[in-house]
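Scroll down for the structure; my scribbles are underneath it.
Everything numeric in this text was worked out from a predicted model, so none of it was measured. Order of the sequence lines sets the chain letters (A, B, ...), proteins ahead of strands, with each chain counted from 1.
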Amino acid sequence: MENQFFVDSEHLSPAALARKHQLETEPASRTNHMEYLPGMEQIDSEVCARVMEQMNTYDYSQYTAKDVKAALEHERCSIEDFKALLSPAAEPFLEQLAQKARLETRKHFGNTVYLFTPLYIANYCENYCVYCGFNCYNHINRMKLTTEQIEHEMKIIADSGMEEILLLTGESQAKSDIRYIGEACKLARKYFRMVGLEIYPVNTEDYRYLHECGADYVTVFQETYDTKRYEELHLLGHKRIWPYRFDAQERALRGGMRGVAFSALLGLSDFRKDALASALHVYYLQRKYPQAEMSLSCPRLRPIINNEQINPLDVHEKQLCQILCAYRIFLPFVGITVSSRESAEFRNGIVKIAATKVSAGVSTGIGDHESKYTGKESDSTEGDEQFEINDSRSFDTMYRDIAEQGLQPVLNDYLYV
Amino acid sequence: MQNDKLIIGGHEFQSRFILGSGKYSLNLIEAAVRDAGAELITLAVRRANTKEQENILDYIPKGVTLLPNTSGARNAEEAVRIARLARELGCGNFVKIEIMRDSKYLLPDNAETIKATEILAKEGFVVMPYMYPDLNVARDLVNAGAASIMPLASPIGSNKGLATREFIQILIDEIDLPIIVDAGIGRPSQACEAMEMGAAAIMANTALATAGDLPLMAAAFRQAIEAGRKAYLSGLGRVLVRGASASDPLTGFLHD
């Protein structure tokens, strides 16, 4: 079963519709996704080649129960062990994986769980990524917050008690340029202890500027490490350039950021290979930049506005749990974030095993925190959401739920130095 | 034993157990301090950098000396800034320097630690540097004005015990400051062993945080540390110290 991603909006002009159909049906009409566009910085790095070599030669059907048992017994998890833990052969050992993962999580993080919330400041986008609610052909309410509106949203979030924020935009350099994002970072520094960014990939100099504005963590999801599949899903725009996206974290670290976050969007391609590549991306970059703080996310595909059918295919909760346990055992020191795409029940369970960070009080829409947090009717327009969330717990509820499980919610463990 | 005090930078402590405050629930801190008999407790300044409702500082009982650490610092300059912030936050003059350029093992950067120690000691801090046990570095730290030396036993959080035993013994033998074994101590018996060797104190966190009953483990560590200290002060039997020796004197043939 494949996802049916293509949806035509009645609001598109005939010319736009024709272009959309052409991109969807004629591969030759699309640009070379491996070729850098003018202005995109190319860095000299061997990380990508190493990750791709491992991924391309990974045949998970070769691993047996014996390999999985050996991996579980080893004190240190090698790349081979990790491959066994990600394989179908490890599925019957899920409970043992979880036990081992929990031990590693406790050793490195104790019983702490970090809380954060995302703030979308704009949803304009110049890309056509077929699974995303923000894609340029999807008919949604578009919006970009003004400085005053950003500050208003931040005040509401900060008043709820949250101390860490992740700023997001759609991927439009025209509508959300670096200066605009930089101003948002400066404002965020006033209201929050920690500021992360999840924006379109930029050059080292721009990361340096954003770091100076107050951001210290950069999240870039590669979506899929399968370049061929990537090409079929990202049909138009800057985001189409796969290698520029791959090197984003390395540019961010060179630009002075303290930490970087990684992920594949599970359900787009072969999830075992994508999970392997995501973790190895962290692994090799950590060897090169040992001071950097690293974290992994594990988003699965979700329905979007105008396409309720999108789903994560064969990545069920059991598979997701297996991936997260394998991540933890292979990379015991990395943060693992589980977003509100997952259910409350799943998140309550996974924070006891492997996850160290969860979002709360989440909206993936634009300018709607007041109505969502206070129930107060907004007198201004709101921008539509990137995807449907699953776990809509407020900050207070999440805080209480974590504490009730004997875990320690942590709002901040960070200093901007 | 009453007169057997731990003296750090002119401050006297009866307890030789320095407690960590990370990785466990804030509401367990009070019981942990009580059952550990701890008089010094570390806290990460980065954790204390929070709003009042969740401030770890509010959970630490009165009368306990705070030992803020500089975790999150990647070089001497950042450590110095964090130490100054700790003082501004009202955490006192003690500071444990932690400088890590490695997010995987969290191993300390000895060279940067020496630099930070020198700057902070001149500013009047009681500086307690966390370090990889190297005699030359320890001597440099003494000259830089450290109040104690805190060598790691094994990688932080690993609960592996005295992997660096021989090198810690050298520090104990050669350095006149208190040697406080920090990081990697996973069980009370390991703490006891370090104290028998002559360590001045033990710092532990993960071993307690990962225990099923945290206050009970705190009490177990306290007793082990006290036992090790008494054994050290009593002078360990020679068999225990360096293996068996002959019962007839080897020098019995000497007459004048």
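- In this structure, the separation between NZ on A/Lys107 and CD1 on B/Ile156 is 13.0 Å, given to the nearest 0.5 Å.
- Using a 4.5 Å cut-off between non-hydrogen atoms, the part of residues 66-103 of chain B that approaches chain A consists of B/Gly72, B/Arg74, B/Glu78, B/Arg81, B/Ile82, B/Leu85, B/Arg101, B/Asp102, B/Ser103.
- Crowding of B/Phe13 atom CZ: a count of heavy atoms from other residues, nucleotides or ligands under 6.0 Å exceeding 12.
- Shown here is B/Arg187, whose CZ atom has no more than 12 heavy atoms of other residues, nucleotides or ligands within 6.0 Å.
- Atom CG of residue A/Leu415 and atom CZ of residue B/Arg46 lie 7.5 Å apart, to the nearest 0.5 angstrom.
- With a 4.5 Å cut-off on non-hydrogen atoms, A/Glu104 does not touch chain B at all.
- Counting heavy-atom neighbours within 6.0 Å of A/Tyr373 OH, excluding the residue itself, gives a total above 12.
- Rounding to the nearest 0.5 angstrom, the gap separating the NZ atom in B/Lys104 from the CE atom in A/Met294 is 10.5 Å.
- Residue A/Gln405 places its CD atom among more than 12 non-hydrogen atoms of other residues, nucleotides or ligands, all under 6.0 Å distant.
- Applying a 4.5 Å heavy-atom cutoff, the residues of residues 282-291 of chain A that approach chain B are A/Tyr283, A/Gln286, A/Pro290, A/Gln291.
- Rounding to the nearest 0.5 Å gives a distance of 9.0 Å between NE2 of A/His108 and OG1 of B/Thr206.
- The shortest non-hydrogen separation linking B/Leu26 to A/Gln408 is N-OE1, 2.9 Å.
- Of the inter-residue distances, the one linking A/Asn111 atom CG with B/Thr210 atom OG1 reads 10.5 Å to the nearest 0.5 angstrom.
- Within 6.0 Å of CZ on A/Arg102 lie no more than 12 heavy atoms contributed by other residues, nucleotides or ligands.
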